[in-house]
2 protein chains.
Amino acid sequence: MYRTHTCGELRLADAGATITLAGWVQRTRDLGGMTFVDLRDRYGITQLVFNMETDADLCQKARKLGREFVIQVTGLVAERSNKNTKIETGAVEIEVTNLEILNTSDVPPFTIEDNSDGGDELRMQYRYLDLRRTPVRNNLILRHKMAMEIRRYFDAHDFIEVETPVLIGSTPEGARDFIVPSRMNPGEFYALPQSPQLFKQLLMVAGYDRYFQIVKCFRDEDLRADRQPEFTQIDCEMSFINQEDILTTFEGLVQHLFKYTKNIDVQLPLQRMTYADAMEYYGSDKPDLRFGMSFKNVTDLLKGNGFSVFDSAEYIGAIVAPGCSEYTRKELDSLTDFVKRPQVGAKGLIYIKYSGDGSIKSSIDKFYTPEQIQVVLDSVSATKGDLVLILPGDKHNTLGQLSELRLEMGNKLGLRDKNVFAPLWVVDFPLLEWDESTQRFYAMHHPFTSPKPEDIALLDTDPGKVRANAYDLVINGTEIGGGSIRIYNDRLQNRMLSLLGFSPEQAQAQFGFLMKAFRYGAPPHGGIAFGFDRLVSLFAGLDSIRDTIAFPKNNSGRDVMNNCPSTVAQEQLDELNLRIEMRKPQA
Amino acid sequence: MYRTHTCGELRLADAGATITLAGWVQRTRDLGGMTFVDLRDRYGITQLVFNMETDADLCQKARKLGREFVIQVTGLVAERSNKNTKIETGAVEIEVTNLEILNTSDVPPFTIEDNSDGGDELRMQYRYLDLRRTPVRNNLILRHKMAMEIRRYFDAHDFIEVETPVLIGSTPEGARDFIVPSRMNPGEFYALPQSPQLFKQLLMVAGYDRYFQIVKCFRDEDLRADRQPEFTQIDCEMSFINQEDILTTFEGLVQHLFKYTKNIDVQLPLQRMTYADAMEYYGSDKPDLRFGMSFKNVTDLLKGNGFSVFDSAEYIGAIVAPGCSEYTRKELDSLTDFVKRPQVGAKGLIYIKYSGDGSIKSSIDKFYTPEQIQVVLDSVSATKGDLVLILPGDKHNTLGQLSELRLEMGNKLGLRDKNVFAPLWVVDFPLLEWDESTQRFYAMHHPFTSPKPEDIALLDTDPGKVRANAYDLVINGTEIGGGSIRIYNDRLQNRMLSLLGFSPEQAQAQFGFLMKAFRYGAPPHGGIAFGFDRLVSLFAGLDSIRDTIAFPKNNSGRDVMNNCPSTVAQEQLDELNLRIEMRKPQA
C-alpha cells in the first residue's frame, strides 16, 4: 500500500499520529514561510503543510508541485489553528516530513473543481479528468449504491438475477437493432438486445418464478439530447401473479431505494391513476404530481354563450394557478406567448383573475355576466387570489396544451422542487394505438401484453377500446418504468400478432420460438422494466442521464475521448464477407 | 397471487391449513381409488392427493392431467402416512378440493428429471424445458448467489461497480473482435469489448481507486468445447497498491465466496508459487494442487551410465505414484500408451517399482546397479509400495509430458475430487513470450503489464528474461483469473509497445488515448479479472461452463433454440452501407 489512510479519513482524534497519504494535488498556496497543499483522492481532501523553517528543501519541492501531480506524503497529523468546517477533515493538517512524486501531470485543460471552467466538448474529450470532479464522482457512487440496494431488495424477495444473452436474433418490431456480423455463420448477423423481453418470458416458461437483471440494452436510434445508444435497464419478471402483485412488489422496491439511498420515507401504496384519468386531468400519461393544478372541464359552463372561440370548441379546460390573481398584463402576455409557441400550439389564452378583495377581471368579460363567471370560479374551486387559465379547442390537442401550461406554471411557482418526489402508477393503458399513416394498429406497450380479460370481447368489435393490463411507474413527470401482464397462451398471442398486421409466416419467423415455448406449460406471468440511467438521474437531481454514465457517447453516438466508432481493416471485413458501399447522399 | 405458498414450503406444522399452490405437474400416479400428483415449482415438489370416494369428478379431472400441465390447486395440508424423507415437504400432502388448469402442455420431447433422457442437441433446442431440471436450475441459483456475494464483498471493501461501455473502439491486439457497424457514422464500426481493460485503467487515472464490475465480454474465436462467444468476467482494478495488496484483497474474495456459498473454510494466505517453480515442479502454469506428485529432477543421477535414452536427454524427471508398486504389466503398458499418445508425445515410460517388501524392479535394471536405483528412490523420497515413473527428453517438452502423466495418475488414484479445492497464486510470470514464427515478442499477459522494477535493466539486454508483476489465481488446475500491476508512465508504456513491435503511429492509433491520459497524473495501479462462468462451473462441480449459462451458444456460435444468428433484410444493410460478398470457399 502506498498509504496508511485515505484523504477523507483523518480527524482531530488522529492528531499526533504519523501517517502516509497518496493522492492528487488539488492546489498549492504559498503563504510566506509556509506552503499549503490540498491533497485529493476519491474519499476527500486533506491539507498538507510544508514549513521553510523546518525543512527548506522539502518546502521548495512542494512549491514546484503542479496541479494534478500524484504524490505520496508521510507526516504528522496536527490540529489546524484555522479549521475548515466545510470538509470532514477540516480540523487537521499534515506536517509533511517526506514527499514522493509518484507521477507528474501536464496542466489539465480545465479546472478540476465542482464548477469546472471546461466546456462540454472539452470535458468529454478528457472524460477521465472530468470524472475526477466531485459532483460527477458522486453521481457514479450513487449509481453503485442504487444498484447494490436494488439487488439487495430483489435477493431478499427471492428473485434471482439471470444473465440473458447479448448476441441474440434480430426482431424488427420496435426500434432499430444494432447488428453484429457472424464470422462463423457467413452472411448472418446477431442483434444486440433492445430488451431481454423474450428471454425473460422464456425464463418464466422455464419455471424461474422471479427473475431480475440489471442489464445493458441497445437501440440504434437517432439520439435526442437525452438518449444513449446503450442504456441500462432494471429488468424483472414474475410468475403466478396478477397486476396488483406486481405493483406491490415494485413499489416496495421504490420505497426501499428512497429509504436506503436518500433516507426519504415513501408511503405505500403509491397512488394509482388510470391512463384515462391521467389524460383527462393532466393531459399526459406521465403527470408530475409534485403539485396540483389538475384540469377542470368547463366546456358545458362556457359553451353556447355567443363567444365563437368557445362555441366552436370540442373541449374547454381550465387550471387554477394559486395566488396569481395579481399577474400583470406583461406576465399574462408572456404566458400567452408561451402557449402560442409552435411546440405548444394554442391559439390564445383566456384568463379570469379572482382578486384577494373578491373582484373579478377576465378576458371574456363582454361575453359572460359576473354571475356566470362566478359559477365558473366555483366549479373549478378557485379561491380569492387565484388566477384561472382557460384553453379551448379539440380535446386531444387542448389537453396537451393545458399540460404544457400546467408544467410551465409549476416551474414559475417553484412547485417542481428536485428534492421532492411524487411517484405514482399509471394503469389501464390502451392495448393498441391506431396509426393513421400506416392505417394499422401498433402495440402501445409491446405485442406480448395481455388485454384485460373483461375487454377481450372488444378485440373483435372495437380493438382501439381494449384496455391492457399495463402500467407505468411515473415520478415527477418522468416515466421511470413500465410493464404488463403477458399473454401466456399461444392462441391469444397469435391473435394479437395478427391484429398487429403480422402474417402467420412473419409471426412464426420472429416469435415462433416463444409461441412454441407457450405450448409446453407457460405459467401466468408479467413483469416490468425500469430505466436505470433515468432513475439515477432523478435521484441525483440531474437534468440529463449523461452524467450518470462513466463513458457516455455524444449525440452522434461517438465517444470523443477514444474516437470510436472508427474504420476497421479490410481484412477484418473480408473475414466477415462484408463490403462497405456508401449510399449516395439523399437528395 | 395464484398461490398462498410455494411447493417447497409446507411442513408437518402446517397440517390442517387450507392453502393454494400453483406449479407444474411432474408426474401423476393412479393407485386404485386414489390419484397422486407431484406438483413442482422452483422451490420444490409437493404431493397432491385426489380421492375417488371423496370427489370422483375432481379425481377424474386429475387423472387427465398431462406432464408439465400448469395447475392451481386449493386443499388441506395433511400428514402423509408414507413419508418421503428425501424431500423437505415429504411429511405432508395436499388433499385437494379445487383444481384449476392454468395451461396445458404438449408432451415434452424429453423427461424433466435430474437425469434427462434428452440428448444435448434436443435439450439445447428446448432450452426452456431443460432449464426446468433441478440440476440446471441449481447451477443458475448458485451463479446468482455467487454474484451477490462477490458484490457484497467488494462493496464492503469500498469498491464501486462502474459500468463501462459495450460499444467501444476496435483494438487489434489480442483475439478477434466482434464489430458493430454504425449507421450514424457511415463506414465506421464499434467493437464489443474483449475486456474493459482500457476503461478500468482510465477509471484509475480518474481517481476511482477501487473499481469492479461483473461484465459481459466478447471474443470472436473459433469455439472449443468450453468457450462461448460471450462470457462474463469479474473485472477489478485498484490504485496506490502493490502486488501483495492485490493478492491479499482478492484471496479475501476467494475465502468469502467459499465461506458464503459452499460453507468451506479456506485458510489464508493462499500458497504463492513462482511461474518458474510451477513449471519446474508441475510442468504447468496452472498446477492442480489437490495432490502432490511434484516432479523430481533426476538428470544428474541417471545420466552418463551408458543408457543412451538417458544419456542423450537434456532433462530426466520423475514422479512418485504412492502405493502403486504392484501395478501389473498391463497397467504399466496402458500408462506407456497414454504418454505415447500424440497429444502427450513421449517416446516411452521408465518405471521403478519399490515393493512393500523392499524389493525393487525397474525397466532399467540392466543399466543400473540396485545401489544406484536405491539412490534414485531415496532422492525422490519414494517409500515402500510406491511406483516411480520417469520421462527423459528435452526439458520443455518433458515437463509438459510429466504434467499430463501426473494428472492422469491423479485421476487414476481418485486424487482429483470435485469437492476438494486447492487454490494458489502463480506469480512472477515472464513479461514477454518469443514467437518463433513471427520472430517477435508478444506480451504474455497484455501490453500494459509492468515489468518487475529490478528486471527493468534486462529490457535492453535480455527481454525474454524480464519478469512481470503478473499473477494468476489457479484452483484445481484451472486458471480462474489473472492480472498484473500496470505501467502508469507514458514513457515506459511507449517502450513496451515498441518492444512488442508497434510503430509509434500504430501505438498512437490504438492506445493513444490511454497514453495521453497517463500524462495527466496517473496513479500506480493494478488489477485482476476472473472468469465468472468458469468459477461458477468449478463451484458447481461441472466439467463445462455451458450449464452455468442460461442460454448458451453451441460450438458454431449458434443459439439453436431461436435460430440465431440469422439473415437480415437488405434494407437494414443498406442503412449501414454494407453489402454481403461471400468469399470463395478456401481450397
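Reckoned from all heavy atoms, side chains included, excluding hydrogens, waters and symmetry mates. In what follows, chains are A, B, ... by sequence order, proteins preceding strands, each numbered from 1.
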With a 4.5 angstrom heavy-atom cut-off, which part of B:Ser239 approaches chain A: side chain, backbone, both or neither?
-> backbone
Could you tell me which portion of B:Phe154 (side chain, backbone, both or neither) has an atom closer than 4.5 angstrom to a non-hydrogen atom of chain A?
-> neither
Interchain contact, A:Leu192 with chain B, by part (heavy-atom threshold 4.5 Å) | side chain
Heavy-atom proximity to chain A below 4.5 Å, by part of B:Leu573 | side chain
Should the pair B:Arg210-B:Asp158 be classified as a salt bridge under the 4.0 Å nitrogen-to-oxygen rule?
-> no
Max heavy-atom pairs within cutoff under 4.5 Å with chain B, candidates A:Leu576, A:Leu167, A:Val70, A:Leu102, goes to A:Leu167
Under a 4.5 Å heavy-atom cut-off, does chain A meet the side chain of B:Asp106, its backbone, both or neither?
-> both
For B:Val25, is it the side chain, the backbone, both, or neither that has a heavy atom closer than 4.5 Å to a heavy atom of chain A?
-> neither
Chain B contact via A:Phe231 - which portion, at a heavy-atom distance below 4.5 Å | neither
Heavy-atom distance under 4.5 Å to chain A: side chain of B:Met148, backbone, both or neither?
-> side chain
Looking only at B:Ala206, B:Gly557, B:Gly66, the option with the highest number of non-hydrogen pairs under 4.5 Å against chain A is B:Ala206
Which atoms of B:Phe159 come close to chain A, meaning under 4.5 Å heavy atom to heavy atom: side chain ones, backbone ones, both, or neither?
-> backbone
Can you say whether B:Phe532 sits under 4.5 Å from chain A via the side chain, the backbone, both, or neither, judging by heavy atoms?
-> side chain
Side chain from CB out, backbone as N, CA, C, O: work out which of these in A:Glu575 comes under 4.5 Å of a heavy atom of chain B, or both, or neither.
-> both
Are A:Arg143 and A:Asp533 close enough, and set up right, to give a salt bridge (Lys or Arg N to Asp or Glu O under 4.0 Å), and what steps lead you there?
-> CA-CA 8 Å; A:Arg143 186 180 178 110; A:Asp533 310 293; 3.0 Å; yes
Partner chain A: residue of B:Ser556, B:Ala550, B:Pro186 with the largest heavy-atom pair count (under 4.5 Å) = B:Ser556
Largest heavy-atom contact set with chain A, pairs under 4.5 Å, which of B:Asp222, B:Asn489, B:Ile141 | B:Asp222
Do side-chain atoms of A:Asp41 reach the backbone of A:Tyr43 as a donor and acceptor pair under 3.5 angstrom?
-> yes
Most contact-rich option vs chain B, by heavy-atom pairs under 4.5 angstrom, among A:Pro524, A:Ala569, A:Ala147, is A:Pro524
Name the region of B:Val180, side chain, backbone, both or neither, that has any atom closer than 4.5 Å to a heavy atom of chain A.
-> both
Ranking A:Arg519, A:Arg152, A:Glu244, A:Gln125 by heavy-atom pairs under 4.5 Å to chain B gives rank one to A:Arg519
Residue part contacting chain A, namely of B:Leu129, when any heavy atom lies under 4.5 Å = side chain
Would you call the rings of A:Tyr126 and B:Tyr520 parallel, tilted or perpendicular, where under 30° means parallel and over 60° means perpendicular?
-> perpendicular
For A:Lys216, enumerate each residue passing the salt bridge (charged side-chain N to carboxylate O under 4.0 Å, His left out) test, keeping only those at least two apart in sequence or located in another chain.
-> A:Glu230
Could you tell me the separation between the OH atom of B:Tyr190 and the NZ atom of A:Lys553, rounded to the nearest 0.5 Å?
-> 6.0 Å
Once you round to the nearest 0.5 Å, how far does CG of B:Leu65 lie from CZ of B:Arg67?
-> 13.5 Å
Quick one: list whatever passes side chain to side chain donor-acceptor pair (under 3.5 Å) with A:Asn185, sequence neighbours left out.
-> A:Ser182, B:Arg558
Toward chain A, the part of B:Lys145 with a non-hydrogen atom under 4.5 Å = neither
Turns out that what part of A:Glu221 lies under 4.5 Å from chain B's heavy atoms comes down to backbone
When only pairs under 4.5 Å are counted, which of B:Ile241, B:Asp209, B:Thr567 shares the most heavy-atom pairs with chain A?
-> B:Asp209
Can you tell which part of B:Ile549 gets under 4.5 Å to a heavy atom of chain A, answering side chain, backbone, both or neither?
-> neither
Measuring heavy-atom distances to chain B, does A:Ala22 have an atom under 4.5 Å in its side chain, in its backbone, in both, or in neither?
-> both
Bottom line for B:Asn562: the part with an atom under 4.5 Å from chain A's heavy atoms is both
Given the options A:Phe240, A:Trp24, A:Phe218, which has more heavy-atom pairs under 4.5 Å with chain B than any of the others?
-> A:Phe240
Chain A heavy atoms under 4.5 Å from B:Arg127: which part of the residue, side chain, backbone, both or neither?
-> neither
Taking B:Leu140, B:Val568, B:Asp220 one by one, which has the highest count of heavy-atom pairs under 4.5 Å against chain A?
-> B:Asp220
Most contacts with chain A, counted as non-hydrogen pairs under 4.5 angstrom, among B:Tyr488, B:Phe178, B:Phe518, B:Phe69 = B:Tyr488
